[in-house]
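Here is how names work: the chains are called A, B, and so on, in the same order as the sequence lines, proteins then strands, and each is numbered from 1.
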Amino acid sequence: MNPFSSGTRLRDMIRAIRACKTAAEERAVVRKECAAIRAAINDNDQDYRHRNLAKLMFIHMLGYPTHFGQMECLKSIASAGFPEKRIGYLGLMLLLDERQEVLMLVTNSLKQDLNHTNQYIVGLALCALGNICSAEMARDLAPEVERLLQFRDPNIRKKAALCSVRIIKKVPDLAENFINPTAALLKEKHHGVLITGIQLCTDLCKVSTEALEFFRKRCLEGLVKTLRDIVNSPYAPEYDIAGITDPFLHIRLLRLLRVLGHGDSDASDCMNDILAQVATKTESNKNAGNAILYECVETIMSIEDNGGLRVLAINILGRFLSNRDNNIRYVALNMLMKAITVDAQAVQRHRATILECVKDSDASIRKRALELVYLLVNENNVKPLTKELTEYLEVSDQEFKEDLTAKICSIVEKFSPEKIWYIDQMLKVLSEAGNFVKDEVWHALVVVISNASDLHGYTVRALYRALQASAEQESLVRVAVWCIGEYGDMLVNNVGMLNIEEPITVTESDAVDVVETAIKSHSLDLTTKAMAMIALLKLSSRFPSCSESIKDIVVHHKGSLVLELQQRSIEFNSIIAKHQNIRSALVERMPVLDEATFSGRRAGSLPANVSSSSGGSLNLPNGVAKPAAAPLVDLLDLSSDDAPAPSSSGGDFLQDLLGVDLSPASVPSGMSQAPKAGTDNNIIPIATLDGLSSPPSVPVRTTSAGGAASMVDLLDGFVSNSPKPEDNGPAYPSVVAFESSSLRLTFNFSKPPGTPQTTLVEATFTNLSPNVYTDFIFQAAVPKFLQLHLDPASSNTLPASGNGSVTQTLRVINSQHGKKALVMRMRIAYKVNNKDVLEEGQINNFPRDL
Amino acid sequence: MMARIITTLLQLYYLQIHFVLLVSRQGKVRLTKWYSAYSQKERVKVIRELSGIILARAPKLCNFVEWRGLKVVYKRYAGLYFCMCIDQDDNELETLDIIHHYVEILDRYFGSVCELDLIFNFHKGSGLINSLRLEMQDSLVEIAKEQASLVSSLIAQATK
């Protein structure tokens with residue numbers, strides 16, 4: 001009986017699935033079919049096994065689970081006939097892959113089939129082995145495959161060679177067994193076998209230096225001769241593609257020559273002539289010819305130096321680059337990237353053409369070209385290239401702007417000859433594509449501006465002008481608002497005019513208006529508005545005449561629905577209204593930002609900081625020696641190493657300084673807890689004010705006179721402690737909060753002075769196992785009488801065997817201080833060797849009086 | 001002629017092809033073959049992601065798309081996109097030729113191939129892809145030539 005003709009046939013099933021209008025209908029059909037197939041499997045139905053397997057393959061292709069059919073494949077393979085075996089092997093290759101354990105069961109069938117008398121069955125087995133072979137199978141079956149490399153039928157030899165490729169990839173140790181049989185394959189006349197032999201040879205050379213030496217000595221001349229023969233061969237219809245004899249063989253040969261010639265000048269000399277011949281004689285009007293030329297160029301670039309050949313190669317690429325076919329231009333750009341390490345000068349000659357490609361309508365080509373331009377930039381051509389790119393920025397597609405701005409910013413930062421040029425370029429980019437600029441880029445710009453004291457006036461005026469033109473670019477607004485807040489007086493008084501500048505007249509109220517627009521704009525986000533708020537506060541001191549109108553704006557926002565803005569406006573209002581005497585000190589200009597620290601933090605890795613903080617905690621487990629109110633001080637002192645800085649967030653500290661680190665994603669707890677707990681929300685305003693005032697002692701001495709309740713409250717904490725930092729609270733012993741065979745968690749405690757309810761817990765995680773933990777996350781939960789705030793961890797990767805640690809600071813506020821002790825539940829999640837691990841536990845061993 | 005096809009077919013294996021996808025213009029998968037280990041979930045994701053990228057590209061652009069550090073070479077034949085994913089340093093132009101020859105072979109096998117042929121005979125298409133890599137090139141070519149040899153009749157019987 002024909003297995004495909006009864007019941008629902010394969011064809012009918014496919015038709016039924018195709019007729020489905022919705023995904024749910026399709027699922028129903030598939031479910032029904034699967035149930036029928038499972039029933040047939042249970043009945044051990046031999047007649048329909050074929051058809052069921054074929055159906056399963058189709059279902060598998062649609063993305064449904066088909067694991068229950070795996071054993072059917074194996075049974076089918078084990079049966080005697082060719083058709084059964086064929087569908088079984090096809091199923092094996094489609095439904096299974098090398099990771100499945102079921103495969104172990106098939107090894108024996110494969111071994112039998114490899115020794116079968118029917119060569120077609122041998123072919124099937126080789127094919128399957130080549131597709132799914134795992135390392136164990138490779139070891140078990142390598143001898144059979146090796147023997148089949150000398151089989152009488154060329155097709156079997158060919159398949160055996162392909163199988164060998166897979167085997168030596170899985171188990172490189174087996175390479176030496178294959179060297180001699182492979183050398184024999186290289187002398188084949190049959191193109192199919194020859195090509196597989198060449199591939200096998202290439203792969204052998206990659207895994208074994210012994211093989212590489214062997215083939216270089218024994219086979220190189222033969223290979224060069226083979227290539228010469230096919231290059232010069234007359235028209236051969238059976239191998240002809242677009243007028244070229246077997247381009248695939250060409251390409252394989254060239255690739256093998258590349259491997260053999262790389263790093264060996266004798267071997268390279270030996271192949272020079274033939275490469276020159278391929279490069280000059282190959283027709284380039286068809287795709288096949290171009291593919292060969294492309295491969296040839298790559299080989300010339302990889303083998304040892306021969307000036308003449310390289311010129312030839314670069315010229316070919318130049319020709320490719322001016323080709324009208326996009327594919328050819330794409331590969332040319334691709335190859336020029338490699339050529340640039342060999343001969344940068346020659347690539348520079350094509351700079352103009354490459355720049356044109358950046359503006360191409362094809363995204364793939366643009367991307368390649370942009371990367372190439374990026375590599376082409378040096379100190380000499382940075383100015384014209386940046387000019388071209390920024391001009392293009394104006395007209396480029398939206399989706400390309402992100403890549404483009406990132407590259408321009410990177411170029412400008414890397415090669416900028418002088419600060420003014422850097423600032424100019426960045427302003428251009430920000431005005432064109434400020435919404436695409438990453439945070440660290442504008443952070444870096446602010447740092448540079450802050451350091452260029454002679455350019456403050458120039459910058460703020462330029463920003464003011466830019467802002468008039470493009471007020472919708474987020475990061476431009478941020479930088480502008482920050483600068484106007486800091487250097488507003490220079491804007492108005494035209495301080496530090498440069499010769500190149502055109503004078504502008506900006507009144508004080510103009511400056512305030514600009515900032516006000518930023519607050520009112522609907523398209524700008526909270527961070528920007530918060531920064532604008534601070535700028536207003538600063539301006540209120542710089543421009544006494546505008547003080548009243550600023551106060552109005554601030555008062556207006558006291559009713560803001562956005563918590564952050566509301567809180568700021570209330571605080572600032574109270575500063576303006578009740579603390580005139582300290583206001584000027586509070587809003588003094590920011591100290592110059594330290595470039596070195598910034599770039600260090602930006603790099604993301606903080607080896608120095610991390611080790612010093614963990615080292616410190618080892619020596620001084622109680623944290624007694626830490627300066628008073630360390631976390632607050634840190635906000636002022638950029639170079640302070642005490643606080644574990646979040647390594648993940650590159651330039652966060654700038655935001656910290658401005659007190660705008662309240663983006664909902666990063667510190668959700670800070671936002672939600674603020675209105676509930678009076679003590680808690682004081683922390684943030686202190687940080688904010690602290691960041692603004694450079695000498696921290698000033699507000700402390702002058703404000704104790706009183707004022708708004710919240711303000712007093714807020715500054716009180718400061719007053720009582722700041723003058724006597726030695727009052728550091730009692731020392732607490734550190735505890736091992738959690739220990740398993742693989743992980744240890746230690747807590748060190750300290751209390752910020754004056755707030756007995758608050759405890760700073762420094763958690764140190766140590767990996768006791770020999771494996772690195774990645775994606776390390778610590779989570780904690782506390783009962784209602786506690787409040788918990790988790791700072792970002794120093795890293796999310798935990799090095800193996802205790803070689804370093806991850807630290808994370810927890811701030812716990814105990815509303816029942818003195819009555820109840822701390823308690824905490826925690827969960828630690830991480831990955832070992834890509835496996836998720838979860839550890840949970842309760843921590844009860846906190847010192848009593850925390 | 002025969003040898004030419006065989007050599008063409010064989011190329012596929014040596015290239016480090018990660019997977020082959022045949023997707024219709026509506027984004028329906030017509031044929032897949034995975035050479036690298038992808039879990040079923042990843043496969044669905046990859047297909048969705050790639051068909052989104054490739055189907056959106058205008059005609060006349062180049063046939064290469066960079067994707068997750070790999071390259072996808074695709075070519076459109078009528079309503080079907082043939083996509084092959086290769087390594088960064090493989091020869092894209094060669095891959096393009098291979099796709100073309102695969103289509104030629106399908107054409108020869110089905111006698112002017114159309115999308116429906118591939119849907120209803122997906123197992124033959126898969127078989128052909130597998131052959132592209134390794135198996136039974138000869139037999140399939142023989143089918144293409146005369147449909148008469150022992151193996152081809154066996155296959156015909158098995159897949160009728």
Side-chain angles (χ1 to χ4, degrees), chain A residues 2 4-5 11 14 18 50 54 57-58 61-63 65 82-83 86-87 90 93-94 97-99 120 123-124 126-127 130-131 155 158-159 162 165 190-192 195-196 199 237-241 246-249 251-252 287-288 290-291 294-295 326-327 329-331 361-365 367, chain B residues 1-4 6-11 13-14 29-35 37-40 43-44 47 57-58 60-66 88-89 91-98 100-101 119-120 122-123 126-127 130-131 133-139 150-151 154-155 157-160:
Chain A
N2 187 327
F4 284 96
S5 60
R11 191 167 272 266
I14 297 175
R18 272 172 59 77
H50 261 93
M57 283 182 239
F58 188 77
M61 204 171 69
L62 295 177
F82 178 85
R86 181 185 174 273
I87 197 98
L90 193 54
M93 287 180 269
L94 280 178
D97 65 53
E98 58 182 289
R99 290 169 302 176
Y120 292 107
L124 276 179
L126 278 173
C127 173
N131 268 296
N155 290 313
K158 179 174 67 192
K159 285 170 194 165
L162 292 169
V165 170
H190 186 289
H191 275 207
I195 241 172
T196 50
Q199 181 66 30
E238 51 177 359
Y239 294 122
D240 184 72
I241 290 176
D246 204 343
F248 302 107
L249 185 58
I251 289 170
R252 298 296 138 187
N287 189 42
N290 285 326
Y294 177 47
E295 200 66 38
N326 281 333
N327 290 337
R329 281 198 295 154
Y330 177 88
V331 295
S361 59
D362 187 332
S364 295
I365 290 186
K367 189 158 177 272
Chain B
M1 183 64 88
M2 166 177 146
R4 170 185 146 190
I6 294 169
T7 47
T8 319
L9 291 174
L10 278 166
Q11 304 311 317
Y13 185 78
Y14 319 126
V29 182
R30 293 304 178 216
L31 206 63
T32 59
K33 175 67 198 172
W34 304 83
Y35 298 123
Y38 285 88
S39 74
Q40 190 76 352
R43 290 179 183 187
V44 174
I47 293 171
R57 282 175 65 87
K60 298 230 171 153
L61 300 186
C62 75
N63 299 70
F64 318 123
V65 174
E66 283 168 47
Q88 207 44 269
D89 48 358
N91 193 326
E92 301 91 347
L93 297 178
E94 188 194 12
T95 314
L96 212 53
D97 261 358
I98 289 167
H100 183 72
H101 287 278
I119 297 169
F120 285 108
F122 76 93
H123 50 297
S126 304
N130 282 325
S131 329
R133 266 167 72 104
L134 281 188
E135 184 229 341
M136 305 211 317
Q137 296 83 355
D138 333 78
S139 49
L150 162 77
V151 189
L154 279 172
I155 291 173
Q157 192 194 352
T159 58
K160 205 174 281 168

For B:Glu66, the salt bridge (Lys or Arg N to Asp or Glu O under 4.0 Å) test, sequence neighbours excluded, returns A:Lys367, A:Arg368

Sequence neighbours excluded, the answer for ring pair (Phe, Tyr, Trp, His ring centres under 6.0 Å) partners of A:Tyr294 is none

Between A:Asn287 and B:Leu93 (side chain of the first, backbone of the second, donor and acceptor by atom type, cut-off under 3.5 Å), is there such a pair? yes

Answer key: most heavy-atom pairs under 4.5 Å with chain B among A:Val331, A:Asn326, A:Asp362 is A:Asp362

Distance col, row A:Asn290:CG vs B:Leu96:CG, nearest 0.5 angstrom, shows 11.0 Å

Here the pair of heavy atoms bringing B:Ile98 nearest to A:Phe248 is CG1-CE2, 3.7 Å

- Message: Please check this pair: side chain of A:Asn327 against backbone of B:Asn63, looking for a donor-acceptor N/O pair closer than 3.5 Å.
- Response: yes

- Below 4.5 Å, heavy atoms only, C-beta onward: do B:Cys62 and A:Ile365 meet side chain to side chain? yes

